[in-house]
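Proteins get letters first, then strands, A, B, ... in listed order; numbering begins at 1 in each.
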There are 4 protein chains.
Amino acid sequence: MGLVGTQSKQRVPRAVRERQMLDAAVATFAKRGYRAASMDEIAVAAGVSKPLVYLYLHSKDELYSACVRREAEALQAAVRAAVEPGAPADRQLWSGLLAFFEHTAAHPDGWAILYSQARTVGEPFAEEVAAMRAEIAEFVRALIGAAAADAHCDPVLADREVAGLAHALVGAAESLAGWGAAHSGRENAATLMNFAWSGLANLMRGGRWEPSAR
Amino acid sequence: MGLVGTQSKQRVPRAVRERQMLDAAVATFAKRGYRAASMDEIAVAAGVSKPLVYLYLHSKDELYSACVRREAEALQAAVRAAVEPGAPADRQLWSGLLAFFEHTAAHPDGWAILYSQARTVGEPFAEEVAAMRAEIAEFVRALIGAAAADAHCDPVLADREVAGLAHALVGAAESLAGWGAAHSGRENAATLMNFAWSGLANLMRGGRWEPSAR
Amino acid sequence: MGLVGTQSKQRVPRAVRERQMLDAAVATFAKRGYRAASMDEIAVAAGVSKPLVYLYLHSKDELYSACVRREAEALQAAVRAAVEPGAPADRQLWSGLLAFFEHTAAHPDGWAILYSQARTVGEPFAEEVAAMRAEIAEFVRALIGAAAADAHCDPVLADREVAGLAHALVGAAESLAGWGAAHSGRENAATLMNFAWSGLANLMRGGRWEPSAR
Amino acid sequence: MGLVGTQSKQRVPRAVRERQMLDAAVATFAKRGYRAASMDEIAVAAGVSKPLVYLYLHSKDELYSACVRREAEALQAAVRAAVEPGAPADRQLWSGLLAFFEHTAAHPDGWAILYSQARTVGEPFAEEVAAMRAEIAEFVRALIGAAAADAHCDPVLADREVAGLAHALVGAAESLAGWGAAHSGRENAATLMNFAWSGLANLMRGGRWEPSAR
DNA sequence: CATGAATGAGTGTTCATTCAT
DNA sequence: GATGAATGAACACTCATTCAT
């Protein structure tokens, strides 16, 4: 006793403790869902006492919010870092998709929170996640718009249609991320590019599928 | 007293009451989520006492299960009824998408249960919903396969790639259903067909987007 | 329809229906205990609807009370019928014990209600059962008193001691009835007579066990 | 304020609180029975909130089990401490009975739990109590056997008969403990010794009561 | 006579949250 | 800085009991 470094109760700087708590919370929320995860379980998983969790993160809502924010920012940062601003639109989309599939495969708990959990209506933070999603869709929309401009696309695509296409593409990517977790990110990205880009290119050339067509 | 319909304790046949309860439960589960919805709230919404809900539907789990089953069957029936088995593949896909978007737009609560809620990991019945989704994806996969065969598609598409495409399409449709609830089903279906079918057609002609392409 | 004897819903006279209900109730109360037995279960076991049970027996309390009363009277009647009023005290005790063990062995559910269930403090009817027990003890006490008088018992036994002896004997009999359900009534009765009567005889002769005796 | 003991939320060490809870639970279970006693009532009687009871004792079953265990061990300890292993059999029996009557008179609630409540078929822990009872009966059986051996008892008593006698004696003691709670333990013990020991002694001398005797 | 339909009141249990130390 | 002790409020579920038919 009295010897430096022999305390059993670690004095750990706040930043580190907070990260431990967030890690534990992300894992627990991903496994159980927001309501079913208990603060007790999270505190135990983080290796700290419950009041400490409250001291640092104030409430279950704020804790979950912090988890969502952290994971969302990490995903967005990964995608942003992969995209070269000056490159052609298809190249940018490809890089972004690749980074997206690789990041979600590497961080399944984070992805689960963003995709499966936080979306649940009625729960808090559906808005935060929806905002992130909207931001991504807007980015994709801009890419499509740029490509259309480059191609001097003849019968200009309606804004609303472009936005719809962007949402469809985002949904397709999310679905693939969930379904193709077993596959490599490169494979998923290639599948989606092949699927989407040709359709877009065709649209820009004025080719349309006609419902009345026999 | 004496007026028809002024009795305090309504005597209603079981089948009717059960439907009222399911309606109330679907609305409540859609608004709050499985865990956050309380049996009290559902009973009040259905205009009956809690014990009666338990008498007929036995538990929260069974009640939720019944909701999921009913909504899933309704959606599948709507899609199935719209698709003409003998028609060409693109025609079938179009009809199915149209029916899907129209049904989900007309029954947003049912769709919320199937899409947002039941998927949440940790909640019960995620499996049932995943199974329904897999069934739909398989149907789409078969359509794509048939179209590819019709087109004597040269460099045969790998099975795994077709399955991936099917999941991407399903995800795109789900995403559009959520985003474009305000739009007409016809519009959404057209957007998706334009987006997807041209890409598929191009793929079948052997056209591929090449990541290495500068 | 209209044919005599072909109704599916039996019209059964009240007395018979009541007996069916009591039989079912005795079996159910014996198996589950007073609180754990539900009126639903009893009604199903009796093969009638619940409101009919209420129509005839008014409440769970009254139903249980009727069960206790019926079983208690049956047991007392069996014992009373076996005892010959004029016979010597030991003979009377023997006959009573024999009848008691045989009746309880033949009606284990009734005995369970009287012995294990109805005694539980806090439950209603503990009093009714206690009264029956007191009546039996009093009968035994009178027997012992008569025997003592016959024997011109020297140092007259204190009234309280005789009452205590009677209670001890009753308890011994109850314990044997529970433990020795597998044995024949005759065996149990013989064991108890051998055990008790000699002790009583000795007491009457003035023989006492002395605590201070080495 | 400032006065010792005037805090609104008492901070009491866990061991103390647990004992308070057990005391309250024993009293409540004794008064109402297992099913009729509510956790609310117990918590109020213990002067704490219900969640604290659950935090420490986990469930109604475990709480009841803890009560039964504690009271059973206390009773057994009291009896064991009173019996001198080397003493003659009658002396041992006397000491044991005396301790038994004194302990049950001093702790009527504990005795109620062991005797009236836990025995009720259908309730949990009937087994635990039955096991304790069997242990006591076995101890008494051994005493009778030893006495018989000392006395060179001629027509050896059948094992089953000895076991029956032991059960009869235990039942007699239980009955007296319930009936004679108002009397002194010494009085009850004396009554039972006089009743039982002479009968046993007579049996060992080969004296038997004959049913066929006129 | 007999019952399907219905409920008020209460049960055991859990959880997010906060003090006093 | 860190925690053991404590609780208010709510939740899923059950049961004895009663109408209206």
Item to check | Length of the line joining B:E18:CD and E:dA6:P, which is rounded to integer Å | outcome: 11 Å
Checklist entry - Under 4.0 Å: is that the gap between some side-chain N or O of D:R17 and OP1 or OP2 of F:dA6? => result yes
Checklist entry - For the pair made of CD in A:Q20 and C1' in F:dA2, what is the distance, rounded to whole Å? => result 14 Å
Next on the checklist: Filter on salt bridge (Lys or Arg N to Asp or Glu O under 4.0 Å), then keep only pairs touching residues 44-60 of chain B, sequence neighbours left out; what's left?
Outcome noted: B:D40-B:K50
Checklist outcome for this item: Taking Watson-Crick and G-U wobble contacts under 3.5 angstrom, with | marking pairs to another strand and [ ] crossing pairs, the secondary structure of DNA chain F is written .||||||||||||||||||||
Checklist entry - Taking only residues two or more places apart in sequence or in another chain, which ones pass side chain to side chain contact (heavy atoms under 4.5 Å, CB included) with D:E62? => result D:H58, D:S59
Listed pairs, N/O of protein and of nucleotides 15-17 of chain F, under 3.5 Å:
| unit_1 | atom_1 | unit_2 | atom_2 | d |
| --- | --- | --- | --- | --- |
| F:dA16 | OP1 | C:A37 | O | 3.2 |
| F:dA16 | OP1 | C:K60 | NZ | 2.7 |
| F:dA16 | OP2 | C:M39 | N | 3.0 |
| F:dT17 | OP2 | C:Y54 | OH | 3.1 |
| F:dT17 | OP2 | C:K60 | N | 2.9 |
| F:dT17 | O4 | C:K50 | NZ | 2.7 |

Checklist entry - Rounded to the nearest Å, what distance is computed from the CZ atom of residue D:R32 to the C1' atom of nucleotide E:dG12? => result 17 Å
Checklist entry - Is any side-chain heavy atom of C:E71 closer than 4.5 Å to a side-chain heavy atom of C:W111? => result no
Next on the checklist: If I take atom CE in residue D:M21 and atom C1' in nucleotide F:dT7, what distance separates them, rounded to the nearest angstrom?
Outcome noted: 12 Å
Item to check | Whichever of B:G47 and C:L52 has its nearest DNA chain E nucleotide further upstream toward 5' | outcome: C:L52
Checklist entry - What is the distance from CG of D:L57 to P of E:dT13, rounded to the nearest Å? => result 12 Å
Checklist entry - Is B:V26 close to B:K31 at the side-chain level, that is, under 4.5 Å between some pair of heavy atoms? => result no
Next on the checklist: Restricting to side-chain hydrogen bond (donor to acceptor under 3.5 Å, both in side chains), what partner residues turn up for B:R14, sequence neighbours left out?
Outcome noted: B:E18
Item to check | Which residues share a side chain to side chain contact (heavy atoms under 4.5 Å, CB included) with C:L55, sequence neighbours left out | outcome: C:L52
Next on the checklist: Output the rounded distance in Å from CZ (C:R14) to C1' (E:dC1).
Outcome noted: 12 Å
Item to check | Spacing between C:L55 atom CG and F:dA20 atom P, to the nearest angstrom | outcome: 16 Å
Item to check | Set of side chain to side chain contact (heavy atoms under 4.5 Å, CB included) partners for C:A45, sequence neighbours left out | outcome: C:A24, C:T28
Checklist entry - Looking at CG of A:D109 and CZ of A:F29, how far apart are the two atoms once the value is rounded to the nearest 0.5 Å? => result 12.0 Å
Next on the checklist: Under the rule for side chain to side chain contact (heavy atoms under 4.5 Å, CB included), what residues qualify as partners of A:R69, not counting sequence neighbours?
Outcome noted: A:S65, A:A66, A:E73, A:E128
